[in-house]
Amino acid sequence: MVDQRRVFPLNQYTAAAGPVLYVMAREQRVKDNWALIAALERANERKVPMIVLFALAPMFNHGSARHNDWMVASLQEVATDLAALQIPFFMMMGDWVEVVTSFVRNHAVGEVVCDFNPLEPVRTWREKAAQSVSVAMSMVDARNIVPCWEASDKAEFAAYTFRPRVTKKIKEFLTSYPTVSVPDVLFTGEVPTIDWEAVRSFRKCDYTEPVPHRLVPGSKAGLAVLAEFIASRLEGYATRRNDPTEFGVSDLSPYLRWGNISATTVAREVEAAQAPRIDKDAFLEELIVRRELADNYCYYVRNHATVSGAHAWAQKTIAEHASDARQYSYTYEEFAHGKTHDDLWNAAQLQMVTEGKMHGFLRMYWAKKILEWTPDAQTAIDIALRLNDHYQLDGRDSNGVTGVMWSIAGVHDRAWNERPIFGKIRYMNYAGCKRKFDVALFVRRYSTVSDTTLF
DNA sequence: ATCGGCTCGCGCAA
DNA sequence: TGCGCGAAGCCGAT
């Protein structure tokens, strides 16, 4: 049974007689998905069929070919897994609100369930659709272990104010998932065969750019990465994760980003594993507190990608240093191609371009240098997010937004001592990186990446 | 190698 | 009202 605190009503209508529709968006998985489970429970209760719809809108934000490929592969697996449960899967392309609204009308849907996403444009689409249909529509937080609106009812000041709230409720929500079985009442209408080539070519993106191959998309692959992480990298995670020259990270962020795997599943398996407490705690802190804090920020601060979303002290210090002289200034293209004067920065950028994933520690250094080498903080946020959202497989999600805002605008951070350009925003530099890891070794790994083969 | 100061404000103890 | 301490640091003193 789905905890009803996970379910958030989006309009005041009541459920009508027709089938229950789950509009899948952020959570691209069949296993361990509370939104899908909620829809199925309601269908079985009311003795009506259940339908899953994916409304594919034209490419938005700064998405790229690598995102398109990951998404299509994920959805093909979803189609297979739904077929095994005899649940119909509709794949429709066009304007999101129009597709959902007309689908509800054409199939005489009695109730709509969505999954939760705090980001634009999906958020506004969801709100518009809820007003356009005339049946009950709700969203289910199938992403966060503690539902976003249950963890806190406001934008949290920092991790230390958010942590106790999550800790207090984690036991109630870190529960096991029921096994999903074939619905009581089967859908008897017509379900069009999905033309996957048409799906793949619907979103316009540049396929001359490289598509990283190291990670395999989808739920099965994600669970395999999880098993491998627990078996070979969880022990020692606390000390190795911040060294970019080591392979000490989980590699799970793209799978969590696309909803291929559930954070609850990950947390339960890590908790059950045989590994030192210090390593489990370090991983769970990132998986739960910091990841869910990112959704908290994006959900409660609607202008989350602008300087106006930052703390008052941060806005003040950014304004005071707006006209500080910048020693270096680069364009988006110079950043994208890794053409700065800083070999570590360039190597981090090329890691992101070639592998679709920049090491977590370097993401902070990388973003802070963009603040240092652009005319103003808002330009830095725009460029950092555009690069993040184009090249990172886990881009276009709340973690990327919050990470960039932490680095450039002090979101969830404290004030530090005054210096040029940064003001009181925490500063990071090359010397600090050299103190922590072998910078030269990291730089050497990406020194052979050729510009002509990449762009 | 290690320590304290930098600097702001939340949240809790009192 | 006072006080401890924080999303992963830097820097200079010892």
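- Heavy atoms of A:Met428 sit under 4.0 angstrom from primed sugar atoms or phosphate atoms, though from no base atom.
- Atom-to-atom distance recorded for A:Glu27:CD and A:Phe116:CZ is 10.0 Å, nearest 0.5 angstrom.
- When side chains are defined from C-beta on, A:Lys357 counts as touching A:Leu215, because their heavy atoms get closer than 4.5 Å.
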Would you check, one step at a time, whether the test ring pair (Phe, Tyr, Trp, His ring centres under 6.0 Å) holds for A:Phe335 with A:Trp345? CA-CA 9 Å; A:Phe335 281 121; A:Trp345 196 97; 5.2 Å; yes

Base-pair string, DNA chain C, Watson-Crick plus G-U, cut-off 3.5 Å on both distances, | for inter-strand, is ||||||..||||||

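- Only the P atoms considered, B:dC12 is 15 Å distant from C:dA7, to the nearest whole Å.
- Within a 6.0 Å radius of CD in A:Glu235, other residues, nucleotides and ligands contribute 12 heavy atoms or fewer.
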Take A:Asp32 and A:Arg268 through the test salt bridge (Lys or Arg N to Asp or Glu O under 4.0 Å) and record every step on the way to the result. CA-CA 12 Å; A:Asp32 301 347; A:Arg268 288 176 64 88; over 6 Å; no

Yes or no on ring pair (Phe, Tyr, Trp, His ring centres under 6.0 Å) for A:Tyr255 and A:Trp70, after CA distance, side-chain angles and deciding distance? CA-CA 10 Å; A:Tyr255 299 98; A:Trp70 192 287; 5.2 Å; yes

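- For the C1' atoms, the distance from C:dC11 to B:dT7 is 15 Å, rounded to whole Å.
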Please step through salt bridge (Lys or Arg N to Asp or Glu O under 4.0 Å) for the pair A:Glu320 and A:Lys316, ending with a clear verdict. CA-CA 6 Å; A:Glu320 282 167 2; A:Lys316 185 164 175 278; 3.4 Å; yes

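- As rounded to whole Å, 18 Å separates atom P of B:dG5 from atom CZ of A:Arg426.
- Mapping heavy-atom proximity under 4.0 Å, the span of DNA chain C touched by chain A runs 5' to 3' from C:dG6 to C:dC11.
- Of the residues in residues 406-424 of chain A, A:Arg414, A:Ala415, A:Trp416, A:Asn417, A:Lys424 come within less than 4.0 Å of DNA chain B through at least one heavy atom, sorted by number.
- Within 4.0 Å of A:Arg363, counting heavy atoms only, lies no atom of the nucleic acid at all.
- Taking atom CD of A:Gln315 as the reference point, atom C1' of B:dG9 lies 15 Å away to the nearest angstrom.
- Residue A:Arg163 is classed as a sugar-phosphate contact, given heavy-atom separations below 4.0 Å to backbone atoms only.
- Toward the 5' end of DNA chain B, the nearer of the two residues A:Pro164 and A:Tyr160, judged by each one's closest nucleotide, is A:Tyr160.
- Here CG of A:Asp206 is found 12.0 Å from CG of A:Asn68. Values are rounded to the nearest 0.5 Å.
- Here A:Phe157 lies in heavy-atom contact (under 4.0 Å) with sugar-phosphate atoms only.
- Only the P atoms considered, B:dA14 is 14 Å distant from C:dC5, to the nearest whole Å.
- Figure legend: cation-pi geometry between A:Arg233 and A:Phe247, with NZ or CZ positioned under 6.0 Å from the six-membered ring centre and within 45° of its axis.
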Let's go through A:Arg291 and A:Glu286 carefully: what are the C-alpha distance in whole Å and the side-chain angles of both, what is the deciding distance for salt bridge (Lys or Arg N to Asp or Glu O under 4.0 Å) to 0.1 Å, and is it a yes or a no? CA-CA 6 Å; A:Arg291 197 183 50 82; A:Glu286 293 195 9; over 6 Å; no

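- With A:Arg143 as reference, A:Asp397 is the one residue of A:Asp397, A:Asn117, A:Asp115, A:Asp295 to meet the side-chain hydrogen bond (donor to acceptor under 3.5 Å, both in side chains) rule.
- Here the separation of B:dG5 from C:dG4, taken at their P atoms, is 13 Å to the nearest Å.
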